[in-house]
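Following: one structure in structure tokens, then a few remarks.
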Amino acid sequence: MAKRALLIGINYPGSTDELQGCVNDVRRMHKCLVDRFGFAEKDITVLIDTDKSYTQPTGKNIRQALSELIKPAKPGDVLFVHYSGHGTRVPPETEEEDDAGFDECIVPSDLNPIPDDDFRDLVEQVPEGCQITIVSDSCHSGGLIDEAKEQIGESTNRETKVSSFEFEIGNCLHSVFVKLLAFCGIGSSHVETREILEVGERDEVVKARFLPLERFITLLKQQTGQDNIEIGKIRPTLFDVFGEDSSPKIKNFMEVILTKLMKRNDQSTLLGKTEESARGYIEEKINDEHYMKPAMQAQVKSDREIDGGGSSNGLFPDRGILLSGCQTDETSADVKKSGEAFGAFSNAIQMVLSETDHKDKITNKEMVLRAREILKKQRLIQRPGLYCNDRFVNAPFIC
């Protein structure tokens, strides 16, 4: 039986949305895997952005590392992934009234996002008899394996399909609520990035591992030099910037859009053009809202027919186990206390393990419930979740 792991920690050093504890989370988990779970150091891949001697956690490198983790897997193998970093939510490429839901994404160091659909695709490549456990200490991580069955959590027990307008209004109200809590001296993990909150008299700073959509777009504008990036134009921009290194979902989206462009009597227009001028023509059409709207709406309709409009109809991925730091509509805390920085959920996991004898097994269910209690006692408003097939609920955490 092989044991292999991928650990990803992204602090975004030097950026306005810098975090403090993500790389520390990875180092603590690395030691835990070796000392407690018997992983060999050579079988643990580490991607961090604070040391150039390590492979950098870009979108391309993370996807490649995930693929290399899964490809050689055999029945009986144990696979583990830990991610600490920002999370974000990307709305669909259509108008608000056609909104089919958000993509929960992790945010690599180069802003090339990896959505929940990609994680589901990866999980489905895991062979029968092999399990993969994913710990995601990031905001909106409750939906990171798309359509995974919720065992512990509140993300799918209520209506979660809201328009991007409603979501942004909620963020605004939420920010006001957080500042009111801070004024009253009450701590909360729901704190905007860049905002510092001192909790009571303790030497503690809490920030959210959340990259709001408007901040993500701003950073994307800075990186690409393009000023016309808006909600509804994010995926074409990502494809233009990252090309073949972008998400398979984005590449599929653009392939369908371009196919529809070609069918709309544009093929004759493209004939005879140089590659550079043809690309310019296609980009011009993609940025033409009136031209693109029918094709984009048709693509959303096609996605709904394939995905069931967000309903899994019982077809849950059955090999992946997700332990999330929070629910799909919540944020996860990045904490700095007494000079030590860490993710609140990652730290809770380490606390549970330290309180449990090495000889004793901790189930996935026990881990999440005990982590919830720890975070509640710390007055952090985030609720970890467990998403997996029924047979993994009481299975040992990791192995």
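Contact detail for Ala341 and Asn24: the closest heavy-atom pair is O-ND2, 3.0 Å. Residues Gln151 and Val393 approach most closely at CD-CG2, 3.3 Å, considering heavy atoms. For the residue pair Ile114 and Gly59, the shortest heavy atom distance occurs at CD1-O, 4.1 Å. Closest approach of Gly142 to Tyr387, counting heavy atoms only: O-CZ, 3.2 Å. Nearest heavy-atom pair, Phe119 versus Leu144, reported as atom, atom and distance to 0.1 Å: CB-O, 3.2 Å. Of all the heavy atoms in Asp110 and Phe242, the pair that sits closest is O-CZ, 3.2 Å.
Following chains of ILVMFWY side-chain contacts shorter than 4.5 Å, one cannot reach Ile145 starting from Ile349, and the two form parts of different hydrophobic clusters. Each of Phe80 and Leu6 belongs to its own hydrophobic cluster when Ile, Leu, Val, Met, Phe, Trp and Tyr are linked at side-chain heavy-atom distances under 4.5 angstrom. Under the 4.5 Å side-chain heavy-atom criterion for Ile, Leu, Val, Met, Phe, Trp and Tyr, Val135 and Ile8 are members of distinct hydrophobic clusters. Under the 4.5 Å side-chain contact rule for hydrophobic residues, Ile44 and Ile70 do not share a cluster. At a threshold of 4.5 Å between side-chain heavy atoms, the hydrophobic network of Ile, Leu, Val, Met, Phe, Trp and Tyr places Leu322 and Ile106 in one connected group.
Listed by first and then second residue, the ring pair (Phe, Tyr, Trp, His ring centres under 6.0 Å) pairs involving residues 11-37 are Tyr12-His86 (not counting sequence neighbours). Sorted by first and then second residue, the salt bridge (Lys or Arg N to Asp or Glu O under 4.0 Å) pairs with a member in residues 67-84 read Arg4-Asp77; sequence neighbours excluded.
Here the CE atom belonging to Met254 is positioned 10.0 Å from the CG atom belonging to Leu238, to the nearest 0.5 angstrom. The structure places CD of Glu104 at 5.0 Å from CZ of Arg89, a figure rounded to the nearest 0.5 Å. The structure places SG of Cys105 at 12.0 Å from CG of Leu111, a figure rounded to the nearest 0.5 Å. Remark: Glu355 CD to Ile374 CD1 distance equals 5.0 Å, nearest 0.5 Å. Distance check, rounded to the nearest 0.5 Å: CZ of Phe239 to CG of Asn112 gives 12.0 Å. Atom CG of Asn347 sits about 10.0 Å away from atom CG of Leu380, to the nearest 0.5 Å.
Arg27 has its side chain out of reach of Val46: every pair of non-hydrogen atoms, C-beta onward, lies at least 4.5 Å apart. Contact annotation: the side chain of Thr237 never approaches that of Lys221 to less than 4.5 Å [non-hydrogen atoms, C-beta and beyond]. Put simply, the side chain of Thr58 does not reach to within 4.5 Å of the side chain of Ile62, judged on heavy atoms. Under the 4.5 Å side-chain criterion, counting only non-hydrogen atoms from C-beta, Gln327 is not in contact with Ser141. At least one side-chain heavy atom of Arg36 sits less than 4.5 Å from a side-chain heavy atom of Leu353. Between Ile321 and Ile132, the closest side-chain pair of non-hydrogen atoms is not below 4.5 Å. The side-chain heavy atoms of Phe39 and Val78, taken from C-beta on, include a pair separated by under 4.5 Å. Put simply, the side chain of Met351 reaches to within 4.5 Å of the side chain of Gln378, judged on heavy atoms.
Listed for the Arg372 side chain is a donor-acceptor partner under 3.5 Å among the backbone atoms of Pro384. No donor-acceptor distance shorter than 3.5 angstrom exists from the side chain of Ser138 to the backbone of Gly87, with no hydrogens or angles considered. With hydrogens and angles ignored, the 3.5 Å screen pairs no side-chain donor or acceptor of Ser67 with any backbone N or O of Arg63. A donor-acceptor distance shorter than 3.5 angstrom exists from the side chain of Gln382 to the backbone of Gly325, with no hydrogens or angles considered. Looking at Ser136, its side chain never comes within 3.5 Å of a backbone N or O of Ser324 through a donor-acceptor pair. In this structure, the side chain of Glu18 engages the main chain of Gly14 through a donor-acceptor pair within 3.5 Å.
Under 3.5 Å, the side chains of Arg319 and Asn389 contain no donor-acceptor pair of N or O atoms. In the model, Asp51 has a side-chain atom that pairs as donor or acceptor with a side-chain atom of Ser53 under 3.5 Å. Side-chain atoms of Ser246 and Arg235 form no donor-acceptor pair, as typed in the model, at a separation below 3.5 Å. A donor atom on one side chain and an acceptor atom on the other are not found under 3.5 Å apart for Asp49 and Ser109. Remark: the Ser346 side chain and the Asp137 side chain contain an N/O donor-acceptor pair separated by less than 3.5 Å. Using modelled atom types, one finds a donor on one side chain and an acceptor on the other under 3.5 Å when comparing Thr356 with Arg370.
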Next on the checklist: Assess the residue pair Glu340 and Lys336 against the criterion (salt bridge (Lys or Arg N to Asp or Glu O under 4.0 Å)); give the C-alpha distance rounded to whole Å, side-chain angles, the decisive distance to 0.1 Å, and a yes or no.
Outcome noted: CA-CA 5 Å; Glu340 181 182 1; Lys336 189 171 184 180; over 6 Å; no
Checklist entry - Should Gln226 and Asp240 be marked as a side chain to side chain donor-acceptor pair (under 3.5 Å) after you check the CA-CA gap, both sets of side-chain angles, and the distance that decides it? => result CA-CA 11 Å; Gln226 300 183 24; Asp240 184 47; 3.1 Å; yes
Checklist entry - Can Asp116 and Asp103 be said to form a side chain to side chain contact (heavy atoms under 4.5 Å, CB included), step by step? => result CA-CA 6 Å; Asp116 47 9; Asp103 279 337; 3.6 Å; yes
Item to check | Lys249/Asp146 under salt bridge (Lys or Arg N to Asp or Glu O under 4.0 Å): CA gap, chis, key distance, verdict | outcome: CA-CA 12 Å; Lys249 181 174 183 177; Asp146 189 42; over 6 Å; no
Item to check | Worked verdict on Asn11 versus Gln20 for side chain to side chain contact (heavy atoms under 4.5 Å, CB included) | outcome: CA-CA 6 Å; Asn11 278 355; Gln20 300 293 320; 5.7 Å; no
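Salt-bridge formation is not detected for the pair Lys207/Asp334: no Lys NZ or Arg NE/NH1/NH2 atom is positioned less than 4.0 Å from an Asp or Glu carboxylate oxygen. Salt-bridge annotation for Asp390 and Lys149: present, with a side-chain N of the basic residue lying under 4.0 Å from a carboxylate O of the acidic one. Salt bridge annotation for Arg209-Asp25: present, with a cationic side-chain nitrogen under 4.0 angstrom from a carboxylate oxygen. Ion pairing of Asp43 with Lys3 is absent here, as no side-chain N (NZ or NE/NH1/NH2) approaches a carboxylate O to less than 4.0 Å.
No more than 12 heavy-atom neighbours from other residues, nucleotides or ligands sit within 6.0 angstrom of NZ on Lys376. Around the NZ atom of Lys365, the shell of radius 6.0 Å holds no more than 12 heavy atoms that belong to other residues, nucleotides or ligands.
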